[in-house]
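Take a look at the structure set out below.
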Amino acid sequence: MKTRGLIDIAEMTTEELDAMMDVALDIVENPAKYAESCKGKKLATLFYEPSTRTRMSFESAMLDLGGSVIGFSDAQSSSVSKGESVADTARTVECFVDVIAMRHPKEGAPLVAQMNVGIPVINAGDGGHNHPTQTLTDLFTIKRELGHLDNLVIGCCGDLKFGRTVHSLVTAMSRYPGVRFVFISPEELRIPEHVRSEVLDAHNIPYVETTSLEDVMPELDILYMTRVQRERFFNEADYLRLRDSYILTPDKLVTAKKEMRILHPLPRVNEISVAVDEDPRAAYFRQVRNGKFIRMALFLKLLGIEVK
Ligand code: NCD
């Protein structure tokens, strides 16, 4: 990997991604083998933004490897409220732990932390930018559900502008042959120009943009639903106008492939009706479970631990 930790999914080679998924699968199948592998190691979770899954997934991953966890989930209870910089907080925490997972509302904050410490820093979501471990989770889920990552039509639906999970997913999936994207969003929430030029156009990846989910449903292998990111809007009226642009209901799935899978990084607000949860194609809670296993594999990689 290029940096000591994981800031952007583009830092990982395809071989590294594939190897990490192999380890994660071995952990699923042989959890006891890994139960003590991080004994004596400590993770700090520094979460400056709300989280349920990501933080608990990181923490469970370290605990299930026999390590321990410290950290904060409310920056106001830390010295951040006194005005401490991300760099100083990271340098302080480095004195106590072996690895840091950081979520921050500002793009680039985990990179700043990484530049100031000698231990691995994992980006657990930075503003509307990137979310590489969600992408590891997404890739591992697609691999487990469909058996392969190449030759897929991936539909990303919802807030493609501010949704950081989509930006990282597109970056990672663009390396697999035969992948094509369908971007479904309101005009105002289209995929950003930097993803278009630096990832899609740069690698000649075919994609189309549409406002209609119904029109494209039959061609999708993956439907990646996202929440409209209220906290990144400048004005509440725009959020209210756009939040219910897409609501996935069982009747909309009638035209979808039998093998299609529905993913969502969660939390959902109301973009997927709960009636869809019963559909075998709904993979989003299995996706949450996969997130812990792939984060376990990531810790082993970043800490240089090999389990025989
Ligand atoms: C996502 C995030 O935080 O970017 N959630 C997650 O990490 N599982 C998606 C979201 O908040 O909508």
Side-chain angles (χ1 to χ4, degrees), residues 6-9 24 43 45-61 71-75 100-111 121-142 154-173 183-186 189 191-192 195 222-233 238-239 242-248 261-272 277 282-296 298:
L6 179 61
I7 303 299
D8 186 324
I9 198 71
L43 160 73
T45 49
L46 310 184
F47 275 59
Y48 296 76
E49 251 194 2
S51 170
T52 305
R53 266 153 302 278
T54 305
R55 184 175 56 80
M56 291 171 95
S57 178
F58 271 115
E59 296 183 353
S60 307
F72 57 76
S73 54
D74 173 10
I100 292 173
M102 176 185 284
R103 167 169 289 191
H104 202 285
K106 285 217 177 81
E107 284 84 356
L111 176 61
V121 175
I122 304 169
N123 178 3
D126 61 331
H129 194 212
N130 282 320
H131 193 346
T133 64
Q134 181 62 47
T135 299
L136 292 174
T137 304
D138 301 340
L139 263 56
F140 187 44
T141 301
I142 297 171
I154 301 178
C156 300
C157 178
D159 186 345
L160 312 185
K161 180 177 181 188
F162 298 117
R164 55 194 173 195
T165 63
V166 170
H167 307 158
S168 293
L169 180 69
V170 171
T171 304
M173 287 303 298
F183 297 118
I184 309 130
S185 74
L189 299 178
I191 193 96
V195 178
I222 295 292
L223 172 56
Y224 194 91
M225 294 295 293
T226 61
R227 169 180 75 90
V228 176
Q229 307 276 304
R230 178 181 206 155
E231 65 276 32
R232 317 235 182 267
F233 275 75
D238 283 348
Y239 167 72
L242 294 168
R243 69 171 177 187
D244 293 331
S245 299
Y246 302 98
I247 299 178
L248 187 63
R261 290 294 184 274
I262 306 158
L263 272 65
H264 190 311
L266 303 179
R268 78 172 138 194
V269 184
N270 54 356
E271 58 280 354
I272 302 181
D277 298 359
Y284 30 91
F285 288 109
R286 298 193 287 278
Q287 191 180 353
V288 175
R289 195 176 292 276
N290 288 331
K292 184 190 75 173
F293 296 114
I294 199 76
R295 289 184 174 96
M296 290 169 83
L298 176 64

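Indexing begins at 1, ligand by ligand and atom by atom, following the structure's order. Starting from 1, each residue takes its place in the sequence as its number.
- Atoms of ligand 1 lying under 4.0 Å from any heavy atom of Thr165, numbered from 1 in the order shown and given with element: 1 (C), 4 (O).
- Under 4.0 angstrom from ligand 1, there are no non-hydrogen atoms of Thr226.
- Other residues, nucleotides and ligands contribute only 12 or fewer heavy atoms inside 6.0 Å of the CZ atom of Arg289.
- Side chains of Asp277 and Tyr284: a donor on one and an acceptor on the other come within 3.5 Å.
- If you run side-chain hydrogen bond (donor to acceptor under 3.5 Å, both in side chains) between Gln287 and each of Asp138, Thr141, Thr137, only Asp138 comes through.
- Residue contacts with ligand 1: Glu231 is placed with no nitrogen or oxygen under 3.5 Å of a nitrogen or oxygen of the ligand (distance criterion only).
- By the 4.5 Å heavy-atom criterion applied to side chains, His264 and Glu271 are counted as neighbours.
- In this structure, the protein non-hydrogen atom closest to atom 11 (O) of ligand 1 is Arg227 NH2, 2.8 Å.
- Looking at ligand 1, you'll find an N or O of His131 within less than 3.5 Å of one of its N or O atoms.
- Residues meeting the side chain to side chain donor-acceptor pair (under 3.5 Å) test with Asp238, sequence neighbours left out: Asn235, Arg241.
- At least one side-chain heavy atom of Ile142 sits less than 4.5 Å from a side-chain heavy atom of Ile222.
- Within the 4.5 Å cutoff, side-chain heavy atoms of Arg53 are placed close to those of Leu266.
- Interface of Gln134 with ligand 1, defined as ligand atoms under 4.0 Å from a residue heavy atom, comprises 6 (C), 7 (O), 8 (N).
- Counting heavy atoms closer than 4.0 Å to ligand 1, residue Arg103 contributes side-chain atoms (C-beta onward) but none from N, CA, C or O.
- Nearest to atom 4 (O) of ligand 1 by heavy atom, out of Arg232, His129, Arg164, is Arg164.
- Partners of Thr54 according to the side-chain contact (heavy atoms from CB on, under 4.5 Å) rule, which considers only residues two or more places apart in sequence or in another chain, are Phe47, Ser51, Phe58, Arg103, Ala124, His131, Arg295.
- Using 4.0 Å as the threshold, Ala124 has no heavy atom nearer than that to any atom of ligand 1.
- Ranking protein heavy atoms by distance to atom 5 (N) of ligand 1, first place goes to Leu266 O, 2.8 Å.
- In terms of protein heavy-atom proximity, atom 8 (N) of ligand 1 is closest to Pro265 O, 2.9 Å.
- Heavy-atom proximity to Thr54, at under 4.0 Å, picks out these atoms of ligand 1: 6 (C), 7 (O), 8 (N).
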